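Only a predicted model underlies this, so the values are computations on that prediction, with no experimental measurement involved.
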Amino acid sequence: MNHLAFGGASIDGGAYVGITHLARHAPHGLNTVVTYFSDYGLALFAVLMLIVWWRARRGGAGAVARALAAPAVVVVAFLLNDVFKSVFDEQRPCRTLHTVTVEVCPGLGDWSFPSNHSAIAAAAAVALFLCDRRLGRIAVPAALLMAASRVWIGAHYPHDAVVGLLVGTLVAWWLTPLAGRAAPVVDRIGATRLRPLVAAR
């Protein structure tokens, strides 16, 4: 369709150029930290999901079901977001606007809208928040930082990051509560040799 591939820069191209200009003149140490987090920060959400699952084992079956479903919720958000990317085919702003960015620009055909990193982070953060408010207070700011980092390093327009956050949020907000309906399945698992997966000893 190429709708946003044609007009993406007109949405917030100026903001993107301003942010990447600021990033180029930021201290090297700051850019190193932001780049590392942008590339590998999703691992933080995986660790938080493990903690949520471990803590949920001391709760009811519904809590365990939601915790176990969190990775699946993230996968659904990623797949849906990737469908959007293939529909809109928006070129990366670092190619369209030819700006110098902190990180090397992704190759041709690696579409920009919406941001997969932002969608994954948002889905994980919302799922975690709905499972455990305390850990959610860590995950939600981390998801916002992930989205911001994708713009800072030059990989996305701001609207790519915002829509990615929206996609991930809506998917997790809808699916995570539904996972609680699998509580009877969790109870049945608790009666098998897999009991350590769903209940603390």
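- The CG atom of D110 sits 9.5 Å away from atom CD of Q91, with the distance rounded to the nearest 0.5 Å.
- Under the 4.5 Å side-chain heavy-atom criterion for ILVMFWY residues, a single connected hydrophobic cluster contains both W174 and V163.
- For S86 (side chain) and V83 (main-chain N/O), a donor-acceptor pair under 3.5 Å exists by modelled atom type.
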>> As a quick check of understanding, evaluate side chain to side chain contact (heavy atoms under 4.5 Å, CB included) for L50 and W54, giving each step before the final call.
In response: CA-CA 6 Å; L50 284 173; W54 187 259; over 6 Å; no

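- Residue I153 is not grouped with residue I120 when hydrophobic side chains (ILVMFWY) are merged at heavy-atom distances under 4.5 angstrom, including chains of intermediate members.
- To the nearest 0.5 Å, atoms CG (L80) and CG (L170) are separated by 9.5 Å.
- Nearest heavy-atom pair, A67 versus C131, reported as atom, atom and distance to 0.1 Å: N-SG, 3.8 Å.
- The side-chain heavy atoms of L42 and F45, taken from C-beta on, include a pair separated by under 4.5 Å.
- Rounded to the nearest 0.5 angstrom, H156 NE2 and W111 CH2 are separated by 13.5 Å.
- Side-chain contact between L178 and L175 is present, with heavy atoms from C-beta onward closer than 4.5 Å.
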>> Evaluate V151 against D160 for side chain to side chain contact (heavy atoms under 4.5 Å, CB included), listing each step before the verdict.
In response: CA-CA 9 Å; V151 181; D160 297 337; over 6 Å; no

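- Annotation: the span from E103 atom CD to T20 atom OG1 amounts to 13.5 Å, rounded to 0.5 Å.
- The nearest pair of heavy atoms linking R137 to F129 is N-CD1, 4.5 Å.
- At a threshold of 4.5 Å between non-hydrogen side-chain atoms, the residues C94 and Y16 count as touching.
- Annotation: side chain of L97 is in contact with side chain of Y157 (closest heavy-atom distance under 4.5 Å).
- Interatomic distance, T101 OG1 to R92 CZ, rounded to the nearest 0.5 Å: 10.5 Å.
- Clustering ILVMFWY residues whenever any of their side-chain heavy atoms sit less than 4.5 angstrom apart, transitively, puts V47 in the very cluster that holds V75.
- Heavy-atom contacts from other residues, nucleotides or ligands closer than 6.0 Å to CZ of R95 number more than 12.
- A pairwise comparison of heavy atoms in M49 and A124 identifies CE-CB, 3.5 Å as the closest pair.
- Judged by distance alone, with hydrogens and angles left aside, the side-chain atoms of N81 form no donor-acceptor pair with the main-chain N or O of G164 at under 3.5 Å.
- Side-chain contact between L130 and R66 is absent, with no heavy atoms from C-beta onward closer than 4.5 Å.
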> Are W152 and L30 close enough, and set up right, to give a side chain to side chain contact (heavy atoms under 4.5 Å, CB included), and what steps lead you there?
Replying inline: CA-CA 11 Å; W152 183 267; L30 173 62; 4.2 Å; yes

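- Counting only heavy atoms from C-beta outward, the side chains of L44 and M146 never approach each other to under 4.5 Å.
- In this structure, A127 and A172 approach most closely via the heavy-atom pair N-CB, 3.9 Å.
- Between V34 and V102 there is no side-chain heavy-atom pair separated by less than 4.5 Å.
- Partner of R24 under the side-chain contact (heavy atoms from CB on, under 4.5 Å) criterion, out of I19, N31, V100: V100 alone.
- Nearest approach of A77 to V167, heavy atoms of both residues: O-CG1, 4.3 Å.
- Ring-plane geometry between F113 and H159 is classed as tilted, the angle between the planes lying from 30 to 60 degrees on a 0 to 90 degree scale.
- Closest approach of P93 to S112, counting heavy atoms only: CD-OG, 3.5 Å.
- Here the side chains of T176 and V126 are not in contact, with every heavy-atom distance at 4.5 Å or above.
- Taking hydrophobic clusters as Ile, Leu, Val, Met, Phe, Trp and Tyr residues chained together by side-chain heavy-atom distances below 4.5 Å, F78 does not share a cluster with V76.
- Note that the CZ atom of R55 and the CG atom of L48 stand 10.0 Å from one another [nearest 0.5 Å].
- Take A69 and apply the side-chain contact (heavy atoms from CB on, under 4.5 Å) test, not counting sequence neighbours, and it matches A179.
- Among residues at least two apart or in separate chains, side-chain hydrogen bond (donor to acceptor under 3.5 Å, both in side chains) pairs with a member in residues 38-51 are S38-S149, S38-R150.
- Hydrophobic clustering, with ILVMFWY side chains joined whenever heavy atoms are under 4.5 angstrom apart, keeps L68 apart from W173.
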